[in-house]
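The block underneath contains the structure these notes are about, expressed in structure tokens.
Nothing here was measured: the structure is a model prediction, and the numbers come from that model. Both ligands and their constituent atoms are indexed starting at 1 by order of listing.
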Amino acid sequence: MIKAKKRFGQNFLKDEFIKHKIIQAMPNDNTSVVEIGPGLGDLTKKLLETDKKVTAFEIDLGLCDFLQDSFKNELKSKQLELVCGDVLDNWEESLIDEQYHLIANLPYYVATKIILKALFDKKCKTILVMIQKEVALKFSANAGDKEFSSLSILTDIIGESKLLFDVGPECFDPQPKITSSILKIVKKKEYIEDSLFKDEQEVKRFKDFLKVAFSAPRKVLIKNLQKIYSKESLTEYFEAQNLSKSVRPHQLRTIDYHLLFKNLK
Ligand code: SAM
């Protein structure tokens with residue numbers, strides 16, 4: 001009997017209907033799948049039944065032994081590749097050498113970090129993950145929603161996101177104290193093929209810019225931005241673009257943030 005380890009965020013998905021709904025929400029093509037945290041292999045089994053090639057990363061070495069035993073045939077035929085260790089230690093520019101869809105019931109403690117890595121990994125085409133509902137709302141919010149944040153803007157620039165459905169604690173063993181949601185992000189073609197940003201440096205500068213923009217979420221945006229731009233250039237830009245000077249960070253659209261970043265020096 002394998003005991004769930006809290007430190008690895010282990011809440012095993014037991015509900016057959018939810019597993020089925022995740023598989024149904026997968027893109028219907030031949031692209032490989034990456035699963036982060038296969039755990040006891042319940043979702044892995046369903047993924048393999050769709051005939052897809054799966055690469056799974058599992059940090060818990062005890063579970064890795066269990067998986068090696070459970071999926072002997074699939075490992076032998078190379079339909080399944082199992083990498084034992086922390087997925088973040090294996091993540092260079094790209095997690096694997098071919099294009100892939102990320103499909104996973106993510107450990108809550110590291111979910112945001114993993115999604116951000118996958119967003120900027122050009123080989124990753126789709127992200128279909130189960131995460132904490134509050135975090136899913138942040139990634140999928142639209143301008144004007146109170147959850148709209150730098151995470152929503154980064155997601156919006158790179159892909160199209162949608163919170164598909166909620167999953168209650170009763171669907172897991174052990175049961176978490178929170179509600180989970182399934183989040184789906186489909187990357188935009190232009191981001192996969194040719195970045196909207198010049199290079200990695202520009203991406204980093206954009207992330208830093210968003211940090212400043214949302215540094216005091218209740219203050220007006222123009223005030224937050226005065227930490228990095230002069231008051232004069234901001235006033236001039238806001239007036240020229242017909243942007244209200246009383247707009248708060250969550251109220252400006254993604255496109256306006258992108259333009260602001262590109263045009264203000
Ligand atoms: N996929 C299984 C399921 O749906 O029942 C397990 C999901 S459980 C929420 C998260 C899984 O991620 C666990 O198996 C845990 O050991 C694994 N995990 C946690 N941190 C990890 C990391 N940094 N790298 C790889 N796997 C990790």
Side-chain angles (χ1 to χ4, degrees), residues 1-26 32-50 52-71 74-75 79-92 94-96 100-121 124 126-136 139 164-184:
M1 169 78 182
I2 291 181
K3 219 170 155 255
K5 297 189 182 81
K6 225 176 167 174
R7 70 176 188 283
F8 291 144
Q10 291 174 357
N11 299 96
F12 302 115
L13 177 62
K14 288 294 158 204
D15 189 293
E16 283 301 318
F17 183 57
I18 299 294
K19 284 182 227 166
H20 173 72
K21 278 176 79 170
I22 296 173
I23 299 295
Q24 289 292 306
M26 265 174 34
S32 284
V33 166
V34 164
E35 186 188 10
I36 295 174
L40 295 169
D42 287 48
L43 190 59
T44 322
K45 186 163 176 281
K46 301 271 177 217
L47 291 169
L48 291 165
E49 280 167 8
T50 68
K52 296 214 188 322
K53 185 172 173 285
V54 178
T55 306
F57 293 83
E58 177 53 63
I59 197 170
D60 183 334
L61 300 185
L63 283 181
C64 252
D65 285 346
F66 175 82
L67 291 162
Q68 256 146 5
D69 217 43
S70 313
F71 294 103
E74 294 82 354
L75 285 163
Q79 189 194 354
L80 173 66
E81 193 186 328
L82 181 63
V83 184
C84 300
D86 186 335
V87 69
L88 295 171
D89 292 343
N90 290 282
W91 217 321
E92 303 290 319
S94 203
L95 186 52
I96 58 171
Y100 69 91
H101 301 305
L102 170 63
I103 297 171
N105 168 17
L106 290 177
Y108 300 126
Y109 78 97
V110 71
T112 300
K113 203 168 182 176
I114 288 176
I115 296 172
L116 280 172
K117 288 287 276 181
L119 268 179
F120 288 96
D121 179 341
C124 176
T126 312
I127 300 169
L128 178 64
V129 285
M130 173 127 63
I131 50 174
Q132 191 172 341
K133 181 171 182 171
E134 279 71 30
V135 180
F139 275 103
L164 297 187
F165 54 90
D166 293 342
V167 183
E170 67 286 355
C171 298
F172 301 88
D173 183 28
Q175 294 192 9
K177 290 198 176 69
I178 44 122
T179 298
S180 309
S181 298
I182 300 288
L183 172 75
K184 184 173 184 179

What's the shortest distance from [atom] to any protein heavy atom, and which residue and atom give it?
atom                    : value
atom 24 (N) of ligand 1 : Val87 N, 3.0 Å
atom 26 (N) of ligand 1 : Ile59 N, 3.3 Å
atom 23 (N) of ligand 1 : Asp86 OD1, 2.9 Å
atom 19 (C) of ligand 1 : Phe8 O, 3.1 Å
atom 13 (C) of ligand 1 : Gln10 CG, 3.6 Å
atom 3 (C) of ligand 1  : Asn105 ND2, 3.5 Å
atom 14 (O) of ligand 1 : Glu58 OE1, 2.7 Å

Does ligand 1 have any atom sitting under 4.0 Å from a heavy atom of Leu88?
no
Within a strict 4.5 Å, meaning less than it, do heavy atoms of the Ile178 and Pro169 side chains meet?
no
Check each heavy atom of [X] against ligand 1 and say whether those closer than 4.0 Å belong to the side chain, the backbone, both or neither.
X      : result
Lys5   : neither
Asp42  : neither
Tyr109 : side chain
Leu40  : neither
Pro38  : backbone

Nearest-option assignment for atom 1 (N) of ligand 1, heavy atoms, candidates Gly62, Cys64, Ala4, Gly37
Gly37
Looking at Leu183 and Ala136, what are the two nearest heavy atoms and their distance?
CD1-O, 4.0 Å
Is there a donor-acceptor pair under 3.5 Å between the side chain of Glu58 and the backbone N or O of Gly39?
yes
N-O pairing of Glu35 and Lys52 below 4.0 Å:
no
Note: ligand 1 atoms sitting under 4.0 Å from heavy atoms of Gly9 are 8 (S), 9 (C), 10 (C)
N/O separation below 3.5 Å, Ile36 to ligand 1:
no
